[in-house]
Amino acid sequence: MKVWKNYKLGDMQAIYLTETDAVYPERKNMELLLLPVDVDYREEAIEKPYGDSLVQLKIAGDAYLGGYIGGRTMRQGQSVTDLQFKAQTCGKSGETTDICTTLVDERGYEVSHHLLYTDGDKALRSYTVFTNNSTESVSLEMLSSFSMNRISPFMGNATNQLKMHRLRSVWSMEGRLESIDVEDLQLEASWAGHAVRCERFGQAGSMPVNGFFPYIVMEDKKEDIFWGAQIAHNASWQIEVFRRGTQIQVSGGLADREFGHWMKNISAGESFATPEAILSVCHSGGVDRISQRLTSALEREMDNGPECEQSLPVMFNEYCTTWGDPSHANICNIVNAIKDKGFAYFVIDAGWYRRNGIPWDYDIGDYNVSPELFPEGLDKTVEVIKAHNMKPGIWFEIDNVGEKSKAYQMEEHLLHRDGKVLTTTMRRFRDMRQPWVQDFLTEKVIDMLKKYGFEYMKMDYNESIGIGCDGAESLGEGLRQNMAASLAFIEKVKEEIPELILENCSSGGHKLEPLMMSKCSMASFSDAHECEEIPIIALNLHRAILPRQSQIWAVIRETDSLKRIAYSMANTFLGRCCVSGHVLNLTDMQWDVLDRGIAFYKKIADIIKKGESYRFGPDIKAYRHAEGWQGLVRVGENGDAYVVLHNFYNQKEDIDIVLPTDDAYEITDVYSDTDERVILNNGVLSWSPTEEMKAVAVYLKKKKEY
């Protein structure tokens, strides 16, 4: 192997390695090795018998790699080995550096791999462009967004050194960390170095966080180095951990033909670009540090978002108050109960359109304001919300239709599979590629937002298309095109109403991937609205999305104890504060706990917005019956910090946390339902909880140095 170039990109280095094929010496490919800038590159340590490539693709008809990989992976076959390195350029536009590596196939195919770095960032972006310069059409079966080679370059044949981390996800339990040694994945090299080992995982459908997050972290436990990747794509995706010989490679992007039923025909003269991937590497700090480096890639988009979002204001959503039955009368009652309580947004959730006798989730799609629920028109309700200095918001499920709606019967405008209308329980799917559908939604969504002066839109999505739909050369390509058209409509909304606040929701957290998150101010963190496990899920999501984008609900009930209200409010300190529930008849004591919680949230909002998260506590196995405790310390840019502690079941001992910085602090505020004994001594914060299922939050002011 020869080093072609070594680029220093902030605290990272991108090392490009060329390799000459032993059988065909004229063929040279390129590998990409990412390392922290403070880690020495050891050329002698990375020799190995097999090469790899920074681009992975499979062209229909080309030979597979062999080594028993049929059905396991499409990596590193003839389509890759036929590529030859042509050129590399490094250009800069503004603050962004673009390293473009071009590979060519003698049949007339060109592949350009782009690695982008913006000054000051802690992450890179990667994507691939395939161009067909031949005279005939060609069919792609796989094309990667990224391929990180030689993980780890220091291991050789070492054992018990590499670990894979990924985030599992199911409804209302999103973001559970799974950490597995490569030996447990059976990714050890064979005795002869023969036969490929591959762990391929991902998601097929239009809910990209249904099963796994598009996320992976690889850890070299001996060298204490962490590599991370996220895929920014709102449909089917895959990630592969691949081993042939001593080294391990990690690649990912669109789900391929085997995994996601995807094929793409590229006509002569045409090009195709993959979704972006976000990459990072760091030395020490664990899974949480590398994860926060990945999520930091969206900071710039959020800083450039709506001005009103920069203070992370508190919001009220009426869904867990009316449960899909909002009306002018009950919204006026709610607004009257919460006026002057510090809420900046009031969101009218699902059901504002429903007809008498039809549940809200059966009647989605037509979106005509209900004359029974809003007899004076929706504009009167909006006026009430604005009169109390709150920005009005409205709910839509844009892509899907319910079985009692007229739209459900308009089959010519719905997705099909195998010639039949694609149907699930209660739901069908609009064909977002159709101009008619785009025009219909422009009238029903964009024009309505403008007409009534809504300043916030919650976009829900409550079913998955699955492997794909008709209308393209493959089911997977049909899905990709449909979801690209869905995204194009969101872009149109943003273009026509630039200051609109967008909330990304999909049965709670099923769309928490970087592409959708980059388009929205925030997202519903989960559908675990009233569950005791909310803080566990919310803290898990610090590894996947920015806390400033994670909307966490405190659902308040008239029957709630003061302890429960404080517990619910403390949950929201792990992200964005959204209140819902029965607030019409709360007692003064209940309001006092709620008011103090809102005040504490506002005090820590700047730290939520920009900070570093450190988690503490034992591993929690059963979320629905959590035992033990959980702690978050979040340190802000100015050094101030806050701590959120949750005491679950069967936790008998005091809770001690060693603060993660050497700074000296003083406790300036403590939030709970009662006066809690919290002590800070020599950098150790101690709490002695007196009850189970109790929460406390502490504000730590950094002491001034003289």
Give a yes or no answer on whether the side chain of Asn234 reaches the backbone of Leu515 with a donor-acceptor pair at less than 3.5 Å.
-> no

Is a salt bridge present between Glu299 and Arg548, judged by a nitrogen-to-oxygen distance below 4.0 Å?
-> yes

Just wondering, more than 12 heavy atoms not from Tyr362 lying within 6.0 Å of its OH?
-> no

So, Asn317 versus Ser580: side-chain donor-acceptor pair below 3.5 Å or not?
-> no

Check whether any side-chain N or O of Arg634 sits under 3.5 Å from a backbone N or O of Gly611 as a donor-acceptor pair, and report yes or no.
-> yes

Just by distance, do the side chain of Gln310 and the backbone of Pro306 share a donor-acceptor pair under 3.5 Å?
-> yes

Measure from NZ or CZ of Lys458 to the centre of the six-membered ring of Phe396 and say whether it is under 6.0 Å with the direction within 45° of the ring axis.
-> no

Is it the case that more than 12 heavy atoms not belonging to Glu666 sit under 6.0 Å from its CD atom?
-> yes

Does the pair Leu500 and Val493 meet the rule for a side-chain contact (heavy atoms from CB on, under 4.5 Å), with working shown?
-> CA-CA 8 Å; Leu500 185 71; Val493 172; 3.5 Å; yes

Residues, nucleotides or ligands: over 12 heavy atoms within 6.0 Å of Glu372 CD = yes

Would Asp560 and Gln590 count as having a side-chain donor-acceptor pair, cut-off 3.5 Å?
-> no

For Asn330 and Thr322, does a side-chain donor sit closer than 3.5 Å to a side-chain acceptor?
-> no

Here the gap from Asn462 atom CG to Met426 atom CE, rounded to the nearest 0.5 Å, amounts to 8.0 Å

Carboxylate-amine/guanidinium proximity below 4.0 Å for Arg293 and Asp288 = no

If we ignore angles and hydrogens, is there a donor and acceptor under 3.5 Å between the side chains of Asp340 and His388?
-> no

Can a salt bridge be assigned to the pair Arg166 and Glu178 using a cut-off of 4.0 Å between side-chain N and carboxylate O?
-> yes

Closest heavy-atom pair and its distance - Leu541, Ser550 = CD1-OG, 4.4 Å

Given the rule in the side chain to side chain donor-acceptor pair (under 3.5 Å) test, do Asp325 and Trp360 qualify, once you have shown the distances and angles that lead to the verdict?
-> CA-CA 8 Å; Asp325 191 28; Trp360 71 263; over 6 Å; no

Taking the side chain from Asn304 and the backbone from Arg300, do they hold a donor-acceptor pair closer than 3.5 Å?
-> yes

So do Asp399 and Glu463 actually touch side chain to side chain, heavy atoms under 4.5 Å?
-> no

Any side-chain donor paired with an acceptor under 3.5 Å for Ser206 and Tyr461?
-> yes

Taken to the nearest 0.5 Å, the spacing of Leu700 CG from Tyr665 OH works out to 7.0 Å

Between the main-chain N or O of Gly342 and the side-chain N or O of Lys602, is there a donor-acceptor pair closer than 3.5 Å?
-> yes

Residue pair Tyr215 / Ser291, side-chain donor-acceptor N/O under 3.5 Å = yes

Identify the heavy atoms of Leu539 and Leu574 that sit nearest to each other, and give their distance.
-> N-CD1, 4.1 Å

Should His625 and Tyr649 be marked as a ring-ring contact (aromatic ring centres under 6.0 Å, His included) after you check the CA-CA gap, both sets of side-chain angles, and the distance that decides it?
-> CA-CA 8 Å; His625 305 279; Tyr649 293 108; 8.0 Å; no

Please test Asn585 against Glu558 for side chain to side chain donor-acceptor pair (under 3.5 Å), starting from the C-alpha separation and ending with a verdict.
-> CA-CA 7 Å; Asn585 297 305; Glu558 296 172 4; 3.2 Å; yes

Have Ser507 and Asp527 got a donor and an acceptor in their side chains that come within less than 3.5 Å?
-> no

For the side chain of His646 and the backbone of Trp629, is there at least one donor-acceptor N/O pair under 3.5 Å apart?
-> no

Less than 4.5 Å apart, any side-chain heavy atom of His328 and any of Glu376?
-> yes

Take atom CD in Glu653; do more than 12 heavy atoms of anything else shown fall under 6.0 Å from it?
-> no

Going by an N to O cut-off under 4.0 Å, is there a salt bridge joining Lys386 and Asp379?
-> no

NZ/Lys494: more than 12 non-hydrogen atoms of other groups inside 6.0 Å | yes

Trp352 side chain to Phe374 main-chain N or O, any donor-acceptor pair under 3.5 Å?
-> no

OH on Tyr671 to CE on Met569, rounded to 0.5 Å | 5.5 Å

Polar contact flag, side-chain donor to acceptor under 3.5 angstrom, Gln203-Asn210 = no

Heavy atoms only: give me the nearest Ser506-Met207 pair and the separation to one decimal.
-> OG-CE, 3.6 Å

Side chains of Ser526 and Glu174: donor-acceptor distance under 3.5 Å anywhere?
-> yes

Exercise: do Glu676 and Ser672 side chains pair donor with acceptor under 3.5 Å | no

Starting from the C-alpha separation in whole Å, work towards a yes-or-no answer on ring-ring contact (aromatic ring centres under 6.0 Å, His included) for Phe600 and Phe573.
-> CA-CA 8 Å; Phe600 191 93; Phe573 303 161; 5.0 Å; yes

When every non-hydrogen atom of Cys520 is compared with those of Gln549, the smallest separation belongs to O-NE2, 3.0 Å

Please answer whether the main-chain N or O of Ala544 pairs with a side-chain N or O of Gln230 as donor and acceptor at a distance below 3.5 Å.
-> yes

When you measure from the centre of the six-membered ring of Trp687, is the NZ or CZ of Lys694 under 6.0 Å away and within 45° of the axis?
-> no

Do you see a donor-acceptor pair shorter than 3.5 Å between the side chains of Glu503 and Ser521?
-> no

Does the pair Lys610/Asp606 count as a salt bridge with the N-to-O cut at 4.0 Å?
-> no

Just by modelled atom types, is the Asn650 backbone N or O under 3.5 Å from a matching donor or acceptor in the Glu692 side chain?
-> yes

Tyr367 and Glu397: side-chain donor and acceptor closer than 3.5 Å?
-> no

Distance col, row His165:NE2 vs Ile216:CD1, nearest 0.5 angstrom, shows 9.5 Å

Any ion pair linking Lys122 and Glu612 (charged N to carboxylate O, less than 4.0 Å)?
-> yes

Carefully, step by step, assess Asn540 and Tyr623 under the rule side chain to side chain donor-acceptor pair (under 3.5 Å).
-> CA-CA 12 Å; Asn540 283 346; Tyr623 286 12; 3.0 Å; yes

Quick one: do Lys609 and Glu637 make a salt bridge, cutoff under 4.0 Å?
-> no

Salt-bridge test for Asp640 and Lys701: reply yes if a basic N is under 4.0 Å from a carboxylate O, no otherwise.
-> yes

Approximate separation, where rounding is to 0.5 Å, of Phe343 CZ and Phe316 CZ = 6.5 Å

Taking 4.0 angstrom as the limit, do Glu496 and Lys450 come out as a salt bridge?
-> yes

Value for CH2 (Trp553) from CZ (Phe525), rounded to nearest 0.5 Å, stands at 10.0 Å

Are the side chain of Thr321 and the backbone N or O of Gly581 linked by a donor-acceptor pair below 3.5 Å?
-> yes

Could you walk me through whether Tyr345 and Glu309 pass the side chain to side chain donor-acceptor pair (under 3.5 Å) check?
-> CA-CA 10 Å; Tyr345 307 154; Glu309 271 292 280; 2.6 Å; yes

